[in-house]
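Here the structure comes first, spelled out in structure tokens, and everything after it is commentary.
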Amino acid sequence: MVHSSRSRATIAQMRDRIGSDFGTSDWMPVEQPRISAFAELTEDTYFIHTDPERAARETPYGGTIAHGFLTLSLLAQMGYQVCPAIEGTKSGVNYGFNRLRFVAPVRAGSRVRGRFRLKDFELKADRWNATWDVAIEIEGGDKPAIVAEWLNAGFV
């Protein structure tokens, strides 16, 4: 995907927006073909992800559910939609998580979206660090699928 349509912000603008909600991404479908492809790629073919009939029969979910790591991996695309590109950045990287919880299962056929709030933005000698409070919401769900404190860094 080309990210040229992303909004842009300066380092000063990001620092001014610490504590601000940046909004939500588009809804993304999490359907069985995506779950099955992820299972094959990661070699995690546990039946709760890959066998709809057995999962309906033997789990409380009523069918298959997405891998937590599949749902988490969607954060990258969600972030491109919501978080601005920082001007003057040569390259940016996923720096990890301070905390991460898988709160609710994502059933096959559901849609999810990311909600982003800027918790902190620091400038170091040759890079910036952004800390985001993120939640991956399930359409129509009472609880989010994931809540996390996500770290990104960019080199200037």
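Hydrogens, waters and symmetry mates play no part in the numbers below; they use all other heavy atoms, side chains included. Along the sequence shown, residues are numbered consecutively beginning with 1.
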Which atom names give the shortest non-hydrogen contact between [X] and [Y], and what distance separates them?
X: E137; Y: W27; value: O-CZ3, 3.7 Å
X: L74; Y: V112; value: CD1-CG2, 3.9 Å
X: A39; Y: T45; value: O-CG2, 3.8 Å

Rounded to the nearest 0.5 Å, what's the gap from [atom1] on [X] to [atom2] on [Y]? Could you check?
X: I11; Y: D16; atom1: CD1; atom2: CG; answer: 12.0 Å
X: M28; Y: R34; atom1: CE; atom2: CZ; answer: 5.0 Å
X: R17; Y: R117; atom1: CZ; atom2: CZ; answer: 11.5 Å
X: F38; Y: E43; atom1: CZ; atom2: CD; answer: 12.0 Å
X: I48; Y: H67; atom1: CD1; atom2: NE2; answer: 8.0 Å
X: F116; Y: S25; atom1: CZ; atom2: OG; answer: 6.0 Å

Keeping the roles fixed (side chain from [X], backbone from [Y]), state whether a donor-acceptor pair exists under 3.5 Å.
X: R107; Y: Y61; result: yes
X: D21; Y: G23; result: no
X: R6; Y: C83; result: yes
X: T89; Y: F155; result: no
X: S110; Y: V106; result: no
X: T50; Y: S36; result: no

Would R127 count as a cation-pi partner of Y95, with NZ or CZ less than 6.0 Å from the six-membered ring centre and within 45° of the ring normal? yes
Do [X] and [Y] make a side-chain contact, defined as non-hydrogen atoms from C-beta onward lying under 4.5 Å apart?
X: F22; Y: W132; answer: yes
X: N129; Y: L151; answer: no
X: V134; Y: V147; answer: no
X: F47; Y: E58; answer: yes
X: F121; Y: T131; answer: no
X: W128; Y: V156; answer: yes
X: L72; Y: I146; answer: yes
X: D51; Y: T64; answer: no

Could you please spell out the steps behind the side-chain contact (heavy atoms from CB on, under 4.5 Å) verdict for Q81 and D26? CA-CA 8 Å; Q81 292 180 19; D26 295 337; 3.4 Å; yes
Residue that, paired with I86, satisfies side chain to side chain contact (heavy atoms under 4.5 Å, CB included) out of R8, Q13, M14: M14
May I ask you to say whether E149 pairs ionically with K119, meaning some side-chain N is under 4.0 Å from a carboxylate O?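 Result for this pair is yes, salt bridge flagged.
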Does any donor atom in the side chain of W150 or D133 lie under 3.5 Å from an acceptor atom in the other side chain? no
Angle class for the F69/F102 ring planes (parallel below 30°, perpendicular above 60°, tilted otherwise)?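 F69 and F102: perpendicular rings.
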